[in-house]
K.L.:
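Input: one structure, supplied below.
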Amino acid sequence: MAKKKGKAGKGAAGGKSANAPWKAKLAMISQIVSSYRPQKAGGTYMKETLPELIKQIGYQQKPVAELIKAQECADGKRFSPGAPGERKTRGLAFESWLRKNAPECGLDDTFAFQWEGLSEGSGVVAKKDLKKHARFIRIPRKLMITSTQASQSPIGQALMKDPTFGTMPNLMLAVHLMFESLNPESFYAPYLAALPREFSLPLFFTAEELNEMEGSPSYYDALKIQKQTLRQYVLASKLLGDRGGLAAGLKIPTFTYRDFRWAVGVVMTRQNRIPGQQDPSKSVLALIPGWDFCNFKDGEVATQYNDEVHASESFTMEDVKEGKQIYIYYGKRPNSKLFLFSGFIAEDHKSDYVEVLFSDSDTKSEIAKIRGMMLGARRLLPSLQPFRIDMKGAPSSICLTWCRINRASKAEAGTILKAKTPVIEKLSDENEKLAYSLVKENVQAALKRYPTTIDADRKFLDASKEAEKSGSGLSPNAVLCVRLRLKEKIALEMCIKHAEEVINGAGTAEAKGK
């Protein structure tokens with residue numbers, strides 16, 4: 001990928017590209033990024049507030065757009081809209097590569113790729129009828145791109161000396177992937193060419209599109225991802241563009257922000273963990289060509305690494321008819337995580353939940369210290385503690401434990417102190433009502449942070465479907481944000497309704513679970 005060279009090459013900030021017009025834009029963005037200095041409390045950096053992040057992302061949006069525009073000459077045609085059928089052409093080239101290098105992978109026997117025509121765009125379909133738990137794909141380790149390869153490459157070895165890159169294998173993998181994609185002679189070129197060039201990830205959203213997430217717990221995370229990715233690009237450009245720095249003696253290809261962001265998007269959406277080659281007890285990150293074109297469906301984890309054949313194998317979660325799509329399950333991730341790191345939202349998702357930050361204003365109680373001790377014994381904070389609310393509106397058992405402890409009387413505190421279990425069940429009718437009042441108080445506060453109502457969101461989505469037919473309305477990214485916030489608000493309203501039932505004596509936590 002990168003070769004040792006006696007003199008510094010014409011790289012990211014050296015040689016001919018050193019005087020490129022976009023270098024001035026990058027320098028300005030570097031100054032903007034450097035100005036984002038979180039406040040310190042003692043020797044610890046304080047977490048940035050949501051308003052601070054919103055301001056930062058809004059401020060950097062125009063300079064980033066100008067940088068991307070200025071870098072178009074360096075991007076070449078890598079991000080140009082493809083001609084009709086180009087994705088399929090690249091997909092077929094990838095298939096030939098896979099047949100040649102992994103003849104036992106199952107291609108043309110148990111599965112085939114469909115490069116267009118699916119609701120998800122592309123995917124994997126059954127080549128014949130497959131029974132549940134039938135192995136349909138086997139990808140050997142030699143075809144994978146791993147974080148180990150990334151850290152052991154010439155550029156990787158240089159970046160490992162930096163404290164940021166050296167502690168982030170996912171970032172190392174992204175940089176390695178980026179340079180492989182810029183190398184037309186890369187062994188992985190057919191695979192990399194078949195990958196999407198754009199993603200429906202919040203990382204790629206505009207500030208206006210992200211504004212549709214206002215009120216959502218994921219809003220902060222989406223903004224943070226955008227900020228961190230830009231900061232990491234600036235850092236990579238600096239480290240690899242310094243002739244006398246870490247990259248001294250390496251030939252570094254010119255890379256742009258879109259190159260870097262694309263590679264981060266690929267790793268976000270496709271990374272998986274496999275056992276380390278030297279130490280199987282420690283996992284490494286890997287991209288698994290072919291398998292990573294499978295789309296998501298609720299089910300069971302049916303992918304494993306087979307040490308005997310040094311390959312990743314995946315099995316069907318259900319019977320699949322010939323020509324029908326084969327899905328895989330990504331694990332227990334809520335829609336908020338699928339949205340942030342995979343770029344979609346699953347309907348009727350069994351692992352979905354909303355995370356709400358709970359606090360308690362009753363800190364002057366005479367037994368507040370005892371409550372704090374009981375919470376601490378369960379590794380819970382007395383305030384600003386996040387808890388899960390499932391999509392039926394039920395608080396998690398640990399959430400109810402926190403609320404019950406925070407509303408316990410002296411006598412009930414004695415019962416809790418004697419308990420050895422992490423979860424505290426119902427203590428009394430009175431405590432249960434007080435606990436659910438605390439649930440209601442916090443969930444109502446979370447719901448008020450959304451600027452729109454459930455009815456307004458539903459009407460908006462209905463209108464957006466009609467507008468889509470005429471080519472008007474919000475972008476698909478913005479619609480995705482609205483769909484996420486709607487699901488969250490419905491769950492929160494259901495939680496409030498159930499809490500009121502318990503408070504009024506018309507329902508119980510046990511009844512909710514039935």
Side-chain angles (χ1 to χ4, degrees), residues 1-5 8-9 11-14 17 23 26-27 29-38 45 48 60 64 67 71 144-183 186 188 192 201 203 221 224-274 276-279 282-287 340-341:
M1 181 180 70
K3 299 178 180 180
K4 286 285 184 179
K5 196 175 179 75
S17 65
K23 286 296 177 180
L26 179 57
I29 287 178
S30 181
Q31 291 180 343
I32 292 173
V33 168
S34 298
S35 70
Y36 300 156
R37 296 186 182 277
Y45 284 108
E48 293 163 302
Q60 73 185 36
V64 169
L67 174 67
Q71 288 181 332
M144 302 178 192
I145 305 176
T146 69
S147 54
T148 301
Q149 291 171 251
S151 61
Q152 292 178 351
S153 69
I155 292 177
Q157 290 179 43
L159 289 177
M160 285 294 288
K161 299 173 185 177
D162 176 76
T164 298
F165 283 86
T167 56
M168 298 183 68
N170 57 330
L171 186 56
M172 290 291 295
L173 182 57
V175 172
H176 181 69
L177 177 75
M178 176 182 71
F179 285 121
E180 286 290 342
S181 72
L182 294 173
N183 177 12
S186 169
Y188 301 100
L192 300 175
L201 293 166
L203 170 60
D221 295 330
K224 193 74 174 179
I225 288 171
Q226 284 209 1
K227 177 188 172 181
Q228 288 177 334
T229 302
L230 182 61
R231 178 183 291 274
Q232 290 160 356
Y233 168 70
V234 169
L235 178 60
S237 298
K238 180 180 178 181
L239 294 174
L240 299 177
D242 186 355
R243 294 189 180 192
L246 297 180
L250 290 174
K251 183 179 180 181
I252 309 294
T254 297
F255 61 94
T256 67
Y257 178 62
R258 283 202 288 185
D259 288 324
F260 186 86
R261 186 178 61 173
W262 170 81
V264 170
V266 171
V267 172
M268 268 189 184
T269 56
R270 284 169 144 75
Q271 66 181 344
N272 197 42
R273 288 195 173 274
I274 62 172
Q277 201 158 16
Q278 301 300 324
D279 185 358
K282 296 181 180 179
S283 63
V284 299
L285 298 180
L287 300 178
L340 287 169
F341 302 109

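Along the sequence shown, the residues carry numbers beginning at 1.
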K.L.:
Would you say that L235 contacts F165 through its side chain, given a criterion of any heavy-atom pair below 4.5 Å between the two side chains?
P.N.:
yes

K.L.:
Determine the interplanar angle of the F255 and F179 rings, folded into 0 to 90°, and report it as parallel if under 30°, tilted if 30 to 60°, perpendicular if over 60°.
P.N.:
perpendicular

K.L.:
Sort and list the pairs that fulfil salt bridge (Lys or Arg N to Asp or Glu O under 4.0 Å) and have at least one residue in residues 253-266, not counting sequence neighbours.
P.N.:
D75-R258, R78-D259

K.L.:
List in chain and number order the residues that pass side chain to side chain contact (heavy atoms under 4.5 Å, CB included) with K238, two or more places apart in sequence or in another chain; answer none if no residue qualifies.
P.N.:
none

K.L.:
Considering residues, nucleotides and ligands other than Q157, do more than 12 of their heavy atoms fall under 6.0 Å from its CD?
P.N.:
yes

K.L.:
Does a side-chain heavy-atom distance below 4.5 Å link L26 with Y257?
P.N.:
no

K.L.:
Say whether, by atom type as modelled, one donor and one acceptor occur between the side chain of E180 and the main chain of S186 under 3.5 angstrom.
P.N.:
no

K.L.:
Between the main-chain N or O of M144 and the side-chain N or O of Y188, is there a donor-acceptor pair closer than 3.5 Å?
P.N.:
yes

K.L.:
Quick one: does I32's side chain get under 4.5 Å of L230's, heavy atoms only?
P.N.:
no

K.L.:
Do L285 and R273 make a side-chain contact, defined as non-hydrogen atoms from C-beta onward lying under 4.5 Å apart?
P.N.:
yes

K.L.:
Got a donor-acceptor contact below 3.5 angstrom from the T229 side chain to the I225 backbone?
P.N.:
yes

K.L.:
Determine the minimum heavy-atom distance between Q226 and L203, stating which atoms define it.
P.N.:
NE2-O, 3.5 Å

K.L.:
Of all residues at least two apart in sequence or in a different chain, which pass the side chain to side chain contact (heavy atoms under 4.5 Å, CB included) check with M160?
P.N.:
S151, M172

